[in-house]
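Just below is one structure, and these are the notes that go with it.
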Number of protein chains: 2
Amino acid sequence: MKNIEPKLVELLKQGYCTPQISQIAKKLKEPGTTIHYNIKKLERDKVIRSYKAVFDYKKIDAGHCTYVFVNVSSEDYGSPEKIAHELANDPRIESIDICTGDYELLLKIRTKDIDEYYSLMKEIIAKFKFSKASSIISLNQVKSEFVRAA
Amino acid sequence: MKNIEPKLVELLKQGYCTPQISQIAKKLKEPGTTIHYNIKKLERDKVIRSYKAVFDYKKIDAGHCTYVFVNVSSEDYGSPEKIAHELANDPRIESIDICTGDYELLLKIRTKDIDEYYSLMKEIIAKFKFSKASSIISLNQVKSEFVRAA
DNA sequence: TCATATTATTGTATAATATTCAGATATTTA
DNA sequence: TAAATATCTGAATATTATACAATAATATGA
């Protein structure tokens, strides 16, 4: 058998979706062409960045969710953006923020389990020479990406 | 003129999108019917929870992003889930986690500006009798919902 | 092991949906 | 207030998803 599922998940996690114009038209009781026009405008103006799927992350081996506060190395302290952009390549990192407070970066990380989390952290701490990383583990994800849990 | 934009944003923020089967088929070089079958399976098994849009939140009056750690009231300490589910109704709250550490809840909040943030916080602190709330403001959102910033 | 049931793949036909286009209407600009 | 620009919308068309049926692969269990 072809194992298409992981490829689908990877594509749908970031994009490869599209708005349901006729469903929206029905819901808002407006002509489909009007909805179409307005959505294209939002796309043209880059108000909409992407259309994507939201998963039950436990079911795609990404059920272990952790927030990580990071102090970057003293050399990188002045421009954490560079590291942030490199971290953005990792598909296990859901979000990256430059933030106020005692740390420069706040990461949201999804891994299969705490073991995978541990190895990812060791990897990125070594690679980017973080001076400190402090973790908060999510025990229950009630809402994610504006979508409520089942 | 009809001002459809805010209604579109509200709908697309949580759903009203669908996968682009033929595009995925082209990308993965598989028959469209095979992709269709596999995606329907993911939906049937509730692996996929929703299809939605990701926005440039600055452009939809939601550019002020804050992470808020919450201590709930002593009465609610044993079951923060109840409050979490009520908070989930607010469209300005992107995510809600029950978490480890010094706080019970971690919220991700998107408002137009710090004024709207302030009034929202006053509202929910009063409503749910939080005993403490500690905020970290996002200065730069490099990646959100698995999608990189422009 | 081998028969049987279940699940997965895929081409063809059809249904549903998005998109184009052109004309009308509203709004902005100068 | 006239001209330019942006928005709305119905009708025609193009694209895409879906239903179906045949086939193939895998799992089940005596």
Side-chain angles (χ1 to χ4, degrees), chain A residues 1-63 91 112 145-148 150, chain B residues 1-63 91 112 145-148 150:
Chain A
M1 293 276 117
K2 307 180 172 183
N3 191 17
I4 301 178
E5 191 184 308
K7 292 174 197 166
L8 284 179
V9 168
E10 227 27 63
L11 291 182
L12 294 173
K13 200 154 81 170
Q14 290 144 294
Y16 284 94
C17 296
T18 192
Q20 291 184 296
I21 292 175
S22 72
Q23 297 302 314
I24 294 169
K26 210 172 290 176
K27 174 83 173 178
L28 298 183
K29 296 193 176 74
E30 298 286 350
T33 45
T34 300
I35 300 302
H36 182 265
Y37 175 85
N38 277 275
I39 288 179
K40 288 304 146 189
K41 185 169 132 62
L42 291 174
E43 293 175 4
R44 196 168 359 104
D45 297 344
K46 312 268 196 207
V47 175
I48 292 171
R49 191 182 288 164
S50 181
Y51 302 100
K52 56 156 286 176
V54 176
F55 295 91
D56 183 336
Y57 293 97
K58 287 181 193 165
K59 293 180 178 162
I60 57 166
D61 284 350
K112 176 180 167 52
E145 299 165 87
F146 291 108
V147 179
R148 331 162 87 88
Chain B
M1 291 276 119
K2 307 179 172 183
N3 191 17
I4 301 178
E5 190 184 310
K7 293 174 196 165
L8 285 179
V9 168
E10 228 28 63
L11 291 181
L12 294 173
K13 199 155 80 171
Q14 288 143 297
Y16 283 93
C17 296
T18 191
Q20 289 184 297
I21 291 174
S22 71
Q23 296 303 314
I24 294 168
K26 208 171 293 178
K27 174 84 174 178
L28 299 183
K29 297 192 175 76
E30 298 286 351
T33 46
T34 301
I35 300 301
H36 182 265
Y37 175 86
N38 278 275
I39 288 180
K40 288 304 145 187
K41 184 167 134 60
L42 291 174
E43 293 175 4
R44 194 168 0 102
D45 297 344
K46 314 266 194 202
V47 175
I48 292 171
R49 191 183 287 163
S50 181
Y51 302 100
K52 58 154 286 179
V54 176
F55 295 91
D56 183 335
Y57 292 97
K58 287 181 194 166
K59 293 179 178 164
I60 57 167
D61 284 350
K112 176 178 169 50
E145 299 166 87
F146 291 107
V147 179
R148 330 162 89 86

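Side chains are part of it too, since the values below use all heavy atoms of this structure and drop only hydrogens, waters and symmetry mates. Within every chain, numbering begins at 1; the chains are lettered A, B, ... in the order of the sequence lines, protein sequences first and strands thereafter.
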Worksheet entry | ring pair (Phe, Tyr, Trp, His ring centres under 6.0 Å) against B/Tyr16, all qualifying residues, sequence neighbours excluded |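 Testing B/Tyr16 for ring pair (Phe, Tyr, Trp, His ring centres under 6.0 Å), a comparison that skips the adjacent residues, returns none.
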
Exercise. Could you give the NZ-to-C1' distance, from B/Lys41 to C/dT7, as a whole number of Å?
Worked result: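 Taking atom C1' of C/dT7 as the reference, NZ of B/Lys41 is at 8 Å.
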
Check your understanding: Between atom CG in A/Asn3 and atom C1' in C/dT9, what is the gap in whole Å?
Key ->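 Taking atom C1' of C/dT9 as the reference, CG of A/Asn3 is at 14 Å.
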
Side-chain donor-acceptor pairs of residues 29-55 of chain B under 3.5 Å, sequence neighbours excluded:
from, atom 1, to, atom 2, distance (Å)
B/Glu30, OE1, A/Lys2, NZ, 2.4
B/Asn38, ND2, B/Thr34, O, 2.9
B/Lys40, NZ, B/Glu43, OE1, 3.0
B/Lys41, NZ, B/Asp45, OD2, 3.4
B/Glu43, OE2, B/Tyr51, OH, 2.6
B/Ser50, OG, B/Gln14, O, 2.5
B/Lys52, NZ, A/Glu145, O, 3.0
B/Lys52, NZ, B/Lys13, O, 3.1
B/Lys52, NZ, B/Glu145, OE1, 2.5

Worksheet item: Once you round to the nearest 0.5 Å, how far does SG of A/Cys17 lie from CG of A/Leu11?
Response: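 Interatomic distance, A/Cys17 SG to A/Leu11 CG, rounded to 0.5 Å: 9.5 Å.
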
Check: How many angstroms lie between atom CD1 of B/Ile21 and atom CG of A/Leu8, to the nearest 0.5 angstrom?
Finding: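 B/Ile21 CD1 to A/Leu8 CG: 9.5 Å, rounded to 0.5 Å.
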
Which residues pass the side-chain contact (heavy atoms from CB on, under 4.5 Å) test with A/Lys26, not counting sequence neighbours?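 By the side-chain contact (heavy atoms from CB on, under 4.5 Å) rule, A/Lys26 matches A/Gln23.
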
List the residues meeting side-chain contact (heavy atoms from CB on, under 4.5 Å) with B/Lys7, not counting sequence neighbours, and say none if there are none.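 side-chain contact (heavy atoms from CB on, under 4.5 Å) list for B/Lys7, sorted by chain: A/Leu28.
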
Letter by letter from the 5' end, nucleotides 17-30 of chain C scores (B base, S sugar-phosphate only, - none; protein heavy atoms under 4.0 Å) SSSB-----SS---

message: Within the supplied structure, the quantity of interest is the number of heavy atoms (other residues, nucleotides, ligands) at a distance under 6.0 Å from B/Lys112 NZ; does it exceed 12?
response: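 It does not: B/Lys112 NZ has 12 such atoms or fewer within range.
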
Could you tell me from which nucleotide to which nucleotide of DNA chain D, 5' to 3', there is an atom under 4.0 Å from chain A heavy atoms?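 Terminal contacting nucleotides, 5' to 3': D/dA6 to D/dT26.
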
Presence of A/Lys2 side-chain N/O under 4.0 Å of C/dT9 phosphate oxygens OP1/OP2
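So the side chain of A/Lys2 is outside the cut-off, no N or O lying under 4.0 Å from OP1 or OP2 of C/dT9.
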
Just jot down the salt bridge (Lys or Arg N to Asp or Glu O under 4.0 Å) partners of A/Lys58, sequence neighbours excluded, or say none.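 Not a single residue meets the salt bridge (Lys or Arg N to Asp or Glu O under 4.0 Å) criterion with A/Lys58.
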
Salt bridge (Lys or Arg N to Asp or Glu O under 4.0 Å) partners of A/Lys27, counting only residues at least two apart =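 Expected list: none.
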
message: Let me test you: for the helix from C/dT1-D/dA30 to C/dA30-D/dT1, what is the angle between the axes at its two ends (five pairs each), rounded to 10 degrees?
response: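 Comparing the first five pairs with the last five, the axes sit 50° apart.
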
Quick one, which residues of residues 44-54 of chain B touch DNA chain C with a heavy atom under 4.0 Å?
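Nothing qualifies; none.
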
